[in-house]
Amino acid sequence: MATATTVKQNGSAKKETTTAKRTVTKKLAQEATKPIVENPKNPTPAKQPVNLLERIQQLEKLKGISAKRERLVETLSSLTRFNYNSSESCSFHLKDSSGMEFKTTNTNLITLIATLLQETLENKKTELEKQLMDFEF
């Protein structure tokens, strides 16, 4: 290790910095400017093991989503095959639980309703497929 010496300049005494001190300062500066790298020795914590009951419940949930999608695909297929542009032979009926009924043979209205229903079902099908793809046990 080098020793510090006193040097006189312009009438004042200054201590000359030792080479060891300069080396330490340079090393600290280099370490401070290095990019931060995550420690590869500390992996992310593993998921907790799932017990059997939870796994069965998740499986049932997955089956339910899959069954909804299958019913929706059948409804879409039926709606697509339906010919609602055939003049007066087409009619639309709605009936509620109290017996109130709505009927129409207006093909423009039936086309509008069928198109809106098909778009809604397609959107729901996309949502269900996304849920199936993102599903985790």
Side-chain angles (χ1 to χ4, degrees):
M1 187 172 198
T3 58
T5 57
T6 305
V7 177
K8 286 191 174 185
Q9 288 181 336
N10 297 333
S12 65
K14 273 189 167 178
K15 281 191 176 180
E16 192 174 277
T17 310
T18 61
T19 55
K21 187 174 179 183
R22 279 189 225 140
T23 306
V24 170
T25 306
K26 284 181 183 178
K27 285 183 181 180
L28 288 173
Q30 287 174 348
E31 288 178 14
T33 57
K34 284 184 183 177
I36 297 173
V37 179
E38 289 187 25
N39 189 356
K41 292 179 183 177
N42 294 333
T44 56
K47 289 185 178 179
Q48 293 291 334
V50 180
N51 70 27
L52 182 60
L53 182 60
E54 288 176 357
R55 194 168 186 87
I56 291 171
Q57 288 173 343
Q58 292 287 49
L59 184 60
E60 290 300 319
K61 184 177 178 181
L62 182 63
K63 283 181 184 178
I65 295 170
S66 179
K68 282 181 185 179
R69 185 193 170 280
E70 289 301 317
R71 286 190 307 267
L72 198 133
V73 167
E74 288 175 18
T75 303
L76 270 170
S77 176
S78 175
L79 184 61
T80 305
R81 288 191 312 262
F82 189 73
N83 185 10
Y84 47 80
N85 287 327
S86 58
S87 66
E88 294 295 321
S89 64
C90 183
S91 63
F92 182 78
H93 300 268
L94 285 175
K95 187 175 183 178
D96 68 5
S97 60
S98 64
M100 296 291 290
E101 204 171 295
F102 170 78
K103 294 180 187 178
T104 186
T105 56
N106 182 337
T107 55
N108 291 332
L109 180 60
I110 294 171
T111 302
L112 180 67
I113 291 170
T115 303
L116 183 61
L117 180 59
Q118 189 167 5
E119 288 173 4
T120 304
L121 292 174
E122 288 288 346
N123 289 339
K124 184 63 178 174
K125 178 182 164 198
T126 304
E127 285 178 27
L128 289 172
E129 288 172 348
K130 184 179 181 321
Q131 285 180 5
L132 287 169
M133 294 303 290
D134 294 343
F135 195 85
E136 291 184 18
F137 280 98

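This structure is a prediction, so every number in the text was calculated from the model and none was measured. Because only heavy atoms are used, hydrogens play no part in the values below, and waters and symmetry mates are left out as well, while side chains stay in. Counting from 1, the numbers follow the sequence of the chain as shown.
- The two residues Asn108 and Asn106 have their closest heavy-atom pair at N-OD1, 2.9 Å.
- If you take CG on Leu72 and CD on Glu122, they are separated by 8.0 Å, rounding to the nearest 0.5 Å.
- Leu94 is connected to Ile113 through a chain of hydrophobic side-chain contacts under 4.5 Å among Ile, Leu, Val, Met, Phe, Trp and Tyr, so both are in one cluster.
- Side-chain polar atoms of Ser98 and Asp96 form a donor-acceptor pair below 3.5 angstrom.
- Cluster annotation: Val73 is not connected to Leu117 through the hydrophobic network of ILVMFWY side chains, with a link wherever side-chain heavy atoms come within less than 4.5 Å.
- The two residues Ile110 and Cys90 come nearest to each other via the heavy atoms CD1-SG, 3.8 Å.
- Of the possible polar contacts, one joining the Thr111 side chain to the Thr107 backbone as a donor-acceptor pair under 3.5 Å is found.
- Within the 3.5 Å criterion, the main-chain N or O of Leu62 finds no donor-acceptor partner in the side chain of Ser66.
- By the salt bridge (charged side-chain N to carboxylate O under 4.0 Å, His left out) test, Glu60 is found to be paired with Lys63, residues two or more places apart in sequence or in another chain being considered.
- With a 4.5 Å cut-off on side-chain heavy atoms, Leu109 and Phe92 do not count as touching.
- Thr105 approaches Ser91 most closely through the heavy-atom pair CG2-CB, 3.8 Å.
- Side-chain atoms of Leu53 and Gln57, non-hydrogen and from C-beta on, do get closer than 4.5 Å to each other.
- Of all non-hydrogen atoms in Arg69 and Lys125, the two that sit nearest each other are NH2-CE, 4.0 Å.
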Is there a side chain to side chain donor-acceptor pair (under 3.5 Å) between Arg81 and Ser77 once you walk through the steps?
-> CA-CA 6 Å; Arg81 288 191 312 262; Ser77 176; 2.8 Å; yes
